Amino acid sequence: MRKIYLHVLMLFLGVLGANGQIKIKATPSDTSNYQSRKLKIDEINLVSAYYHQDGNNSAVTGGIGTEKLTDFANTFDLQLSKFNKAGNKNTFLFELGVDHYTSASSDKIDPGTISSASRADTRVYPSLNWTHSNEKTGNAIGFIGSFSTEYDYQSLGAGFNLTRLSKDKNTQFDFKLQAFLDTWKVILPVELRSETNPGNGRESKSEGSSPRNSFSAAFSLSQVINQKLQALIMVEPAYQKGLLATKYQRDYFTDGSLRAETLPDKRYKLPIAARLNYFASDQVIIRTYYRYFMDNWGIRAHTAEIEVPVKLTSFISLSPFYRYNKQTGSRYFAPYGQHDPSAAYFTSDYDLSTLNSDFYGAGIRLAPPHGVFGWQHLNMLELRYGHYSRSTGLVSNIITLNLKVK
């Protein structure tokens with residue numbers, strides 16, 4: 001059930017950051033007198049988020065049962081840069097993420113234990129990003145490496161990104177490639193395990209490991225239409241191969257039998273998105289977003305979002321937002337006890353069901369000229385709250401604090 005949290009957090013961080021704001025035409029920097037500089041700290045970002053959810057459609061117990069989960073996530077970003085003699089900028093971004101979750105539904109993998117190993121876990125995920133950019137043209141190239149580990153998986157990630165701007169800086173093309181090579185422990189529900197291991201405890205029984213590899217690309221084109229209007233379109237094809245089912249999730253059939261979730265070992269995804277930002281005045285920006293999603297499992301989804309940052313004073317802004325999602329579920333989904341015994345693939349995970357969801361909230365941002373609370377280096381504080389609900393009955397709340405030090 002923790003993937004629901006990750007999905008909501010990604011939505012939340014999507015509106016927490018730059019929100020796809022497109023660069024406005026700027027005068028190129030004069031780099032003729034550039035000298036090589038020592039590595040310096042540009043900024044430090046600290047982000048803490050607390051998330052809580054509840055519902056009654058746990059996939060671990062076949063689509064029924066508690067979905068209660070809490071997560072406390074923290075990320076630390078350190079950005080450094082150095083100019084060379086040609087005026088080109090090398091930027092290094094180091095990120096360290098640590099989050100701890102507790103999940104009542106995961107504890108049902110083996111209900112006979114007092115507390116299974118997967119009931120609570122800590123995830124650690126460092127990453128390093130290097131970007132080489134030309135300050136005169138705005139063109140850039142970059143690479144990223146990442147690692148993530150928790151109770152039942154480890155992940156290695158690598159990525160490449162490229163940015164190209166037109167001569168007038170009004171058109172920008174971005175290209176990104178990413179790959180994640182994951183290894184998952186195959187953990188079955190206790191009643192489906194082939195044998196027990198009394199020495200280690202039944203809750204730790206693993207049927208070995210299996211790979212899950214993910215590859216994605218992103219193509220985006222942004223355009224400054226005029227001083228008030230900016231637009232962006234994006235296509236993000238993705239491909240996954242390996243163990244795509246979560247094997248400790250149960251599925252119940254019309255004949256009363258029970259099996260572990262089984263899904264195809266290949267998945268193709270194609271999201272297509274558009275963003276339109278309108279600068280209504282010096283105080284108000286209207287940011288809109290639409291995304292269409294399809295995959296070869298039969299899922300089709302439409303997502304629409306609006307956010308309206310309002311500058312209350314020169315250094316205080318308020319940003320209410322709302323996101324709506326409508327999804328047609330996978331052909332492999334069925335509720336508790338409704339799977340056909342002859343089916344080759346089956347899941348009762350409500351993330352893959354037909355559903356509607358709403359996500360709304362607001363953020364307040366403080367960026368006083370003399371620093372937050374009078375501390376010159378703490379130049380930004382942002383506090384955001386979001387409430388998520390969907391037609392399956394799941395509800396969640398998330399609150400995030402972002403501090404920027406420069």
Side-chain angles (χ1 to χ4, degrees), residues 1-8 51-71 101-121 123 150-153 184-197 201-207 210 212 243-264 297 299 327 329-355 357 388-396:
M1 301 312 299
R2 188 166 178 273
K3 60 185 173 179
I4 303 172
Y5 157 69
L6 295 174
H7 173 69
V8 175
Y51 172 87
H52 175 78
Q53 75 173 37
D54 204 354
N56 194 39
N57 293 119
S58 171
V60 174
T61 47
I64 59 173
T66 180
E67 295 177 274
K68 187 173 291 185
L69 178 148
T70 61
D71 189 288
Y101 78 92
T102 59
S103 171
S105 61
S106 294
D107 207 31
K108 301 300 182 181
I109 297 172
D110 184 355
T113 62
I114 297 175
S115 181
S116 66
S118 62
R119 185 183 189 276
D121 195 19
R123 183 171 72 111
E150 61 179 290
Y151 167 70
D152 59 350
Y153 92 97
W184 288 79
K185 289 183 180 179
V186 181
I187 301 172
L188 297 176
V190 62
E191 59 268 48
L192 296 179
R193 295 173 188 174
S194 57
E195 60 182 9
T196 60
N197 189 339
R202 295 178 65 184
E203 75 278 8
S204 65
K205 179 63 182 176
S206 171
E207 301 293 322
S210 185
R212 175 188 293 184
L243 179 61
L244 305 185
T246 305
K247 299 306 291 184
Y248 57 72
Q249 295 184 167
R250 298 168 174 86
D251 288 287
Y252 292 88
F253 294 78
T254 55
D255 63 357
S257 62
L258 162 66
R259 302 179 212 170
E261 180 181 83
T262 302
L263 290 168
W297 290 4
I299 294 178
Q327 174 176 293
S330 168
R331 66 177 66 92
Y332 309 124
F333 174 83
Y336 179 89
Q338 296 186 28
H339 282 289
D340 186 337
S342 65
Y345 302 113
F346 37 84
T347 178
S348 292
D349 187 340
Y350 274 74
D351 287 355
L352 303 178
S353 70
T354 296
L355 57 86
S357 69
Y388 175 82
S389 63
R390 67 186 191 188
S391 55
T392 63
L394 183 139
V395 295
S396 67

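Nothing here was measured: the structure is a model prediction, and the numbers come from that model. Numbering of residues begins at 1 and proceeds along the displayed sequence.
Between Trp184 and Tyr153, the angle of the ring planes stays under 30°, which puts this pair in the parallel group of the 30/60° scheme.
From Thr354, atom OG1 reaches atom CD of Gln327 across 7.0 Å, with rounding to the nearest 0.5 Å. We find the CD-CG distance between Glu67 and Asp54 to be 8.0 Å, quoted to the nearest 0.5 Å. Atoms NE2 and CG, from His339 and Asp255 in turn, are 12.0 Å apart once rounded to the nearest 0.5 Å. From Phe333, atom CZ reaches atom CG of Asp251 across 9.5 Å, with rounding to the nearest 0.5 Å. Expressed to the nearest 0.5 Å, how far OG of Ser103 lies from CD of Gln53 amounts to 7.5 Å.
You'll find the side chain of Leu352 reaches within 4.5 Å of the side chain of Trp297, heavy atoms only. Residues Ile187 and Asp152 meet the side-chain proximity criterion, which asks for heavy atoms closer than 4.5 Å. In this structure, Tyr252 and Ser348 have side chains that are not in contact, with every pair of non-hydrogen atoms separated by 4.5 Å or more. Contact check for Thr66 versus Ser58: no side-chain heavy atoms found under the 4.5 Å cut-off. Looking at heavy atoms from C-beta onward, Arg390 lies in side-chain contact with Asp351 at the 4.5 angstrom threshold. With contacts defined as side-chain heavy-atom distances shorter than 4.5 Å, the pair Arg250/Val60 qualifies. At a threshold of 4.5 Å between non-hydrogen side-chain atoms, the residues Asn57 and Tyr336 do not count as touching.
With sequence neighbours excluded, the residues that form a side chain to side chain contact (heavy atoms under 4.5 Å, CB included) with Thr262 are Lys247, Tyr345, Phe346. When the side chain to side chain contact (heavy atoms under 4.5 Å, CB included) test is applied to Ser391, the partners found at least two apart in sequence or on another chain are Leu355, Asn356.
Listed here is the closest heavy atom pair of Lys185 and Tyr151: NZ-O, 3.6 Å. Taking every heavy atom of both residues into account, Tyr350 and Pro335 meet most closely at OH-CB, 3.6 Å. Contact between Val395 and Ser389 at its shortest, heavy atoms only, is CG1-CB, 3.9 Å.
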For Thr246 and Asp349, run side-chain contact (heavy atoms from CB on, under 4.5 Å): C-alpha distance rounded to whole Å, both residues' side-chain angles, the deciding distance at 0.1 Å, then the answer. CA-CA 9 Å; Thr246 305; Asp349 187 340; 5.7 Å; no

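Geometrically, Arg123 does not engage Tyr101 in a cation-pi contact, judged by NZ or CZ lying under 6.0 Å from the ring centre and within 45° of the ring axis.
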